[in-house]
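Here is the structure we will look at, set down as structure tokens.
Hydrogens, waters and symmetry mates play no part in the numbers below; they use all other heavy atoms, side chains included.
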Amino acid sequence: MKAGQVLLASIGRHLPKAMNNRLFILISAIGILLVLTLGVAISSIAGRLLYRGATALLDTQTRQAVNVFDQYMEILRNTAMTASQQKSVKALITGVYPSPYDSYLVYRDAYAYLKNTHEFYSRIHLHVIVKDIRYIMSSNPADVTGDYRKRGVEERNWFRQVEQSPYGTEIISDFVPPVSSPLDQFAFVLKQRNVYDWNTDGYIIASIDKAVLGDMLKGTQSEDNGFLLVLKPDGTIAYCTNPVRLQQYFTPESLLQELSSLDGAPGDRNPDFYFSSAYSEQTGWRFVSLTDKRHAKTQVFTFQFLMLLVAGITISLLIVVARITSKAYTRPMERLIQFIHEAEKNEYAGQIELKSDDEVADLLHSFNAMIASVRQNQVLRKKAEIDALQKQINPHFLFNTFESIKALARQGDSMRVGVMIDKLSDMFRYNTNRDGSVLTQIQDEVHHVRNYLDIQSVRYGSRLVALYEIDPAILDCMAPRFILQPLVENSISHALEKMKGGYRLIIQGGFEADDIVFQIRDNGPGIPEMEMSRLERYVQGDMPAVADGRFGIGLRNIHERLRLLYGNGYGLTIRSTPDVGTDITVRMPKDIPGKEGTEA
């Protein structure tokens, strides 16, 4: 253990200290570990991949074959049942027709019905066997037989099976058409009995070529490397897509022994084949799919070789790229570190300029944006501090207030003089902000506005009408100081003092979703369209400066303070219509973290 620690410490001391060499060694080590891990992983999961992939595909093919077979059997059943209800077919089997001409009509209509059914289901043929006259009518003209004994129909296994069966329906796998084909077909047989003596008058047979199952295997690995087997409950083979391969690898006894160990689940006990089986709901027959293991093993080995080849090439390229990338990335990073130290000394002035088109370029762009933002915030904070000091009590407002107090004193209205002095004292106390807090309760901010408007109402009298529509639920929430009063003062300066008629100011406040929204609305002369456009651009920060230093500076100050505190989604929105009035909306979040804070 100690020897290992000493070795690691020695390696650590000799590792190159340069960033590019460390990065190169790290990526190379990861590449080697990746090769070893992939080799072990591929070797360990190869068998599982072989079994799961092959058996899952085989099981899916088996179930698809069963589903297709059951669907066709259901179609055969419905086709035969429907034909048994057709008048001409029933008359043909019973042989009941009044005249020779009626006999002609029955034969004509019955044949037309069988033919139309075949045209609708091109894979299906309908056959009607009339036992009394040993006649077969079929949708295939080649299989129409006047005396089926001459065709050896009575000697065939399927005919004996349906003759001896006590059931009214049978599904058989060895039906052979009288003439058209020597190959077995799947068929649904429906007996037609005489209702009086219960003797069999004939049969209606709906058949389909067994190739419908073989067609399912086309394009799959089972077409060339496996086969599909259909077994009846007694173990006899109903169908096999590749009888030659079946006889080559299995005897009937060995096949049944292999299948007895499956129990419906995919199996791989046989050294040559994977097995999968499922049962038909229509017939109870067992469908077994088999695929050659050698084909699956060849695919897996090919996959393993390609994976190792790709991994080797990838890691080789990774090592080359690591060397190039480590060198390319260290140069701008060293320049960035140097600039950071310079920026700290120069109070975050300047921008770093490096040509790069990768992730480092994004980093440099973000860093430059951060430097610009920090610098701007410093300027704004200093400017806001100076502006706040200058505008805490407007000298013009203070002068007018003292003149109003003087006039009231001369009138001997000592009570109103005392009220005005109290309100002015409250304003001084609020502006002083001894605790240095940036945030205050909204009720204090509203009270500050009321004091200001009450004092102004002494000067303007009935010309000034102020209405308050404040939701009591927001009064305990927190908001930045000096947000509302500057807006009210701005409205009086630019609206009331320019009006000859009555001036009305509406102050609204309430919740809007998760925000607190104030609206300061007046009925003043409004702002001309061109000036309004300049004002919006200036307040939003799209216009850095204007010739008139007083132009919108208070509005921009409030807007930038809100954005610095809460983000870009908050601040002021200004709407104005000439000769109608101006509406200023203040938006801030409802949930403020804490009751104290400092501007960033």
Fill in the blank from the handout: For Leu228 and Ser289 the tightest heavy-atom approach is CD1-OG, 3.4 Å

Exercise for the section: Please determine which of Asn140, Ile129, Ile136, Val144 meets the side-chain contact (heavy atoms from CB on, under 4.5 Å) test together with Pro178. Expected result: Ile136

Practice task
Decide side-chain hydrogen bond (donor to acceptor under 3.5 Å, both in side chains) for His125 and Ser139; before the verdict, give the C-alpha distance in whole Å, the side-chain angles of both, and the deciding distance to 0.1 Å.
Solution key: CA-CA 6 Å; His125 277 290; Ser139 57; 2.8 Å; yes

Problem - Evaluation steps, side-chain hydrogen bond (donor to acceptor under 3.5 Å, both in side chains), between Glu170 and Ser165 - result: CA-CA 8 Å; Glu170 285 286 333; Ser165 174; 2.5 Å; yes

Exercise for the section: Taking salt bridge (Lys or Arg N to Asp or Glu O under 4.0 Å) as the test, write out the residues that go with Lys87, two or more places apart. Expected result: none

Exercise for the section: Mark yes when over 12 heavy atoms from residues, nucleotides or ligands other than Asp471 sit less than 6.0 Å from its CG; otherwise mark no. Expected result: yes

Handout entry: Verdict with reasoning, Tyr72 to Phe186, per ring pair (Phe, Tyr, Trp, His ring centres under 6.0 Å)
Key = CA-CA 9 Å; Tyr72 274 116; Phe186 295 120; 9.7 Å; no

Problem - Arg156 CZ: over 12 foreign heavy atoms closer than 6.0 Å - result: yes

Exercise for the section: May I have the step-by-step check of side-chain hydrogen bond (donor to acceptor under 3.5 Å, both in side chains) for Tyr570 and Asp515, ending in yes or no? Expected result: CA-CA 9 Å; Tyr570 302 98; Asp515 296 337; 3.3 Å; yes

Handout entry: Within 6.0 angstrom of Gln161 CD, more than 12 heavy atoms from elsewhere
Key = yes

Handout entry: Close side-chain approach of Pro233 and Trp285, heavy atoms under 4.5 Å
Key = yes

Exercise for the section: Would you kindly say whether Thr585 and Thr573 are connected by a side-chain donor-acceptor distance under 3.5 Å? Expected result: no

Handout entry: Heavy-atom check, side chain of Thr82 versus side chain of Gln86, under 4.5 Å
Key = no

Problem - Minimum side-chain heavy-atom gap Ile204-Gln192 below 4.5 Å - result: yes

Exercise for the section: Check whether any side-chain heavy atom of Tyr111 lies under 4.5 Å from a side-chain heavy atom of Pro141, and answer yes or no. Expected result: yes

Exercise for the section: On the 0 to 90° scale, with breaks at 30° and 60°, tag the Phe175-Trp158 ring pair as parallel, tilted or perpendicular. Expected result: perpendicular

Problem - Heavy-atom side-chain proximity of Lys590 to Glu512 below 4.5 angstrom - result: no

Practice task
Take the angle between the ring planes of Phe159 and Tyr148 and call it parallel below 30°, perpendicular above 60°, tilted in between.
Solution key: tilted

Practice task
Mind listing the closest non-hydrogen atom pair of Leu562 and Arg587 along with its distance?
Solution key: CD1-O, 4.3 Å

Handout entry: NZ/NE/NH1/NH2 to OD/OE distance under 4.0 Å, Asp147 and Arg149
Key = yes

Handout entry: With sequence neighbours excluded, residues passing salt bridge (Lys or Arg N to Asp or Glu O under 4.0 Å) with Asp174
Key = none

Handout entry: Check: Val68 and Val212 side chains under 4.5 Å, non-hydrogen atoms
Key = no

Problem - Heavy-atom pair of closest approach, residues Ala278 and Thr62 - result: N-CG2, 3.7 Å

Practice task
With the side chain counted from C-beta on, respond yes when Tyr279 and Val66 share a heavy-atom pair under 4.5 Å apart, and no when they do not.
Solution key: no

Exercise for the section: Indicate yes or no for a side-chain donor-acceptor contact from His127 to the backbone of Met137 under 3.5 Å, with no hydrogens or angles considered. Expected result: no

Fill in the blank from the handout: Nearest heavy-atom approach of Val179 to Asp143 is N-OD1, 2.9 Å

Practice task
Decide yes or no for Thr79 and Leu126: does some side-chain heavy atom of the first lie under 4.5 Å from some side-chain heavy atom of the second?
Solution key: yes

Practice task
Could you check Asp201 against Thr94 for side-chain hydrogen bond (donor to acceptor under 3.5 Å, both in side chains), going step by step and ending with a plain yes or no?
Solution key: CA-CA 6 Å; Asp201 291 337; Thr94 59; over 6 Å; no

Exercise for the section: Would you confirm whether Lys210, through its side chain, and Ser173, through its main-chain N or O, come within 3.5 Å as a donor-acceptor pair? Expected result: yes

Handout entry: Distance flag, aromatic centroids of Phe69 and Tyr239, threshold under 6.0 Å
Key = no

Practice task
Answer yes or no: are there more than 12 heavy-atom neighbours, outside Phe511 itself, under 6.0 Å from its atom CZ?
Solution key: yes

